[in-house]
Each structure stands twice: as structure tokens, then as C-alpha cells.
Amino acid sequence: MATLDQVLGRWEPVIGLEVHAQLSTTTKIFSSAPATFDVEHPNTHVVPYCLGLPGTLPVLNRRAVELGIRAGVALGCSIRAVSEFSRKHYFYPDLPKGYQISQLDLPLCEHGALSITTDDGKPRLVHIDRIHLEEDAGKNLHVEGEAYTLVDYNRAGVPLAEIVSAPDLRSAGEAARYLKALRAILVALDVCDGNMEQGSLRADINVSIRPRGAQVLGTRVEIKNVNSFRFVEQAIEHEVVRQAGLLEDGGKLVQETRLYDSA
């Protein structure tokens, strides 16, 4: 297998991040349930709406909108006077309604940017396509050695701002520096507590490669829910080498979603 340096001599990575930031609200985005982190007491920070019970309706948390706008202003975004929520349908055990309320066509914030330093010390502007608000899902708890899975809905309905960058990043180091700079802004403004270990800030990484000098984008692969700067770098480096090896062996990349295992 080729080394990363050998691969980077022939291929250029193209990277974008979708960063999920838990907003620093007292209650959840569409209900009065507490939004605080608690793994010791599962299914205690819930109300009927969190469980998707019939007859329950969402009521938007004004504070979540204010914090989303605060992040958008800090990142130079335009703020929509009218934004819109949509249903995004998934049929997962940790999503009791069978759909997630998110923003699609009319997000709260659009067209921002964040300046970072490239690997050779030069400034680069990373464009931010959008910041939209959505509710988080619950958490599946897989019991080792058992034929069943438990579900904790404490996180279900926690308010998230999803900050979506353009594919402007060109290395694992740039991606980590972008995430660090973004986290620093969100924490300084009290938009998010930035606790990556608890999942308050996590990134989905979109990675593709193309031959050096090419302009056409390659097939992207999404790596879900990476929750440390070091793992972001390692996941990108591993994926770049994997994609290059597959293409150079005559294989074909498939657009897919993968998970990163640090081991």
C-alpha cells in the first residue's frame, strides 16, 4: 500500500465539513424537556413530544434561533428574514417520530466564510454554504453479547446548528484547523460549549480525490460523527489512501457513508 506522501504526490484531496454544534439552550428545540447532557439516567430528559407520541406538536425554541443567528453573523452569513423547517424522513429506532425536523430549502443563514491557514502558511477562505437548525436524534445502546439494542431519548430533540462548508479544504491539517477555528468562535460566543467528547460538537467529513491538476470533482465519501481534531485528521488521511489505492487498482468508488474506527 502506498504511503500518504506518495498518494498526495499524485492525488489532490477535496474536503468539506458538515459540523453539528449543539446550541447552548436550557431546553430542547421543539419542547420543554431539558437539553443538558446526561448518560447516567437514560430517558429522563424527555416529554411526550420527544417520544413521538400521537397528538404532540413542536413549539420552536426562540433561544435556539437567536444562537443560530449569532453564529451566522460571526461567520459573515446573510440571515434570512423567513426560514423554513421540513421533515427529513428516516426510519431508525432512535428517531421515534420517523422523521427529523430540519431546514432544507430555506435555511436560517447562508453564504458565510472562515479564514484559515493552509499547510504552507498562507491564508485561505473557507466558504460556508449554510447554517441550518435541526433536532438531534436519540442514541442506540448496543448491549454486547445480547440480541437487542436499548435506546436513550435524552438527546432526542436537542437543538443543533449544522454548519456546512464548501469543499474548499485540501488536506487533513486544513480540516482540523478549520474545525478548531470554528469551535473557538462558537465557544467564545456561547453558542455551543464545544465539548467534543460528549458530542456537543462533531463533524461529518466529505472526502474525494482527483488527479493533481484536474478540475473535475471525484466521487465523495462521507465519514459520519467524528468527534476529535485528531480523529478528523486520521480519518481523512486513511480515506485518501484508501480511495487512491482503490482507483489505482482499477476499482470504482461508490458514493457512500462510512464510520471511522480509531483502532
Side-chain angles (χ1 to χ4, degrees), residues 15-38 45 59-85 100-103 106-118 123-137 154-155 157-166 168-169 173-205 225-233:
I15 303 157
L17 296 187
E18 301 171 12
V19 177
H20 293 81
Q22 179 177 328
L23 298 172
S24 298
T25 60
T26 303
T27 56
K28 295 182 180 180
I29 188 168
F30 294 118
S31 76
S32 61
T36 49
F37 181 80
D38 187 352
H45 295 183
V59 178
L60 181 59
N61 185 333
R62 178 189 180 97
R63 182 62 173 167
V65 178
E66 292 172 350
L67 293 176
I69 292 171
R70 185 183 294 185
V73 171
L75 295 167
C77 295
S78 59
I79 313 299
R80 282 188 178 273
V82 177
S83 61
E84 182 178 87
F85 286 94
Q100 176 193 42
I101 298 181
S102 183
Q103 293 188 306
L106 301 176
L108 184 63
C109 313
E110 292 182 300
H111 312 312
L114 177 60
S115 180
I116 64 161
T117 303
T118 63
R124 170 175 293 153
L125 209 58
V126 179
H127 295 89
I128 294 170
D129 286 341
R130 57 191 282 146
I131 302 175
H132 64 258
L133 303 185
E134 62 186 19
E135 58 182 349
D136 206 348
N154 277 350
R155 190 182 285 277
V158 163
L160 301 178
E162 182 171 344
I163 304 166
V164 182
S165 82
D168 290 343
L169 301 160
E174 286 185 8
R177 286 192 290 277
Y178 166 81
L179 188 56
K180 288 176 182 178
L182 181 59
R183 179 187 180 277
I185 290 171
L186 298 177
V187 171
L189 295 178
D190 197 29
V191 170
C192 172
D193 66 18
N195 191 323
M196 301 181 75
E197 185 177 353
Q198 293 181 356
S200 298
L201 191 74
R202 55 192 192 266
D204 297 343
I205 312 165
N225 290 330
V226 184
N227 65 346
S228 84
F229 302 125
R230 182 165 60 90
F231 289 167
V232 164
E233 290 194 73

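Note that the structure is a prediction, hence the values are computed from the model and not measured. No hydrogens, no waters, no symmetry mates; every other heavy atom, side chains included, goes into these values.
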Where [X] and [Y] come nearest, the two heavy atoms and their spacing:
{"X": "R155", "Y": "G199", "value": "NH1-O, 3.9 Å"}
{"X": "V232", "Y": "A175", "value": "CG1-CB, 4.1 Å"}
{"X": "R63", "Y": "T25", "value": "CG-CG2, 3.8 Å"}
{"X": "D168", "Y": "R124", "value": "O-CD, 3.5 Å"}
{"X": "G194", "Y": "R183", "value": "O-NE, 2.9 Å"}
{"X": "E135", "Y": "I101", "value": "OE2-N, 2.9 Å"}

Does the side chain of [X] reach to within under 4.5 Å of the side chain of [Y], using non-hydrogen atoms?
{"X": "L17", "Y": "D204", "result": "no"}
{"X": "E174", "Y": "I15", "result": "no"}
{"X": "L60", "Y": "F30", "result": "yes"}
{"X": "L75", "Y": "L182", "result": "yes"}

Sidechain-backbone polar pair: [X] side chain, [Y] backbone, donor-acceptor under 3.5 Å:
{"X": "S102", "Y": "E134", "value": "no"}
{"X": "D129", "Y": "V164", "value": "no"}
{"X": "R177", "Y": "I116", "value": "no"}

About how many Å separate [atom2] of [Y] and [atom1] of [X], when rounded to the nearest 0.5 Å?
{"X": "K28", "Y": "L23", "atom1": "NZ", "atom2": "CG", "answer": "14.0 Å"}
{"X": "C109", "Y": "R70", "atom1": "SG", "atom2": "CZ", "answer": "12.5 Å"}
{"X": "L179", "Y": "R202", "atom1": "CG", "atom2": "CZ", "answer": "12.5 Å"}
{"X": "L114", "Y": "H127", "atom1": "CG", "atom2": "NE2", "answer": "11.0 Å"}
{"X": "I131", "Y": "E110", "atom1": "CD1", "atom2": "CD", "answer": "10.5 Å"}
{"X": "S200", "Y": "L160", "atom1": "OG", "atom2": "CG", "answer": "9.5 Å"}

### Query
For I205 and F231, what are the C-alpha separation, side-chain angles and deciding distance, and is it a side chain to side chain contact (heavy atoms under 4.5 Å, CB included)?
CA-CA 11 Å; I205 312 165; F231 289 167; over 6 Å; no
### Query
Q22 and F37: side chain to side chain contact (heavy atoms under 4.5 Å, CB included), yes or no, with the steps?
CA-CA 10 Å; Q22 179 177 328; F37 181 80; 5.9 Å; no
#### Entry: Partner residues of E233 under the side-chain hydrogen bond (donor to acceptor under 3.5 Å, both in side chains) criterion, sequence neighbours left out
none
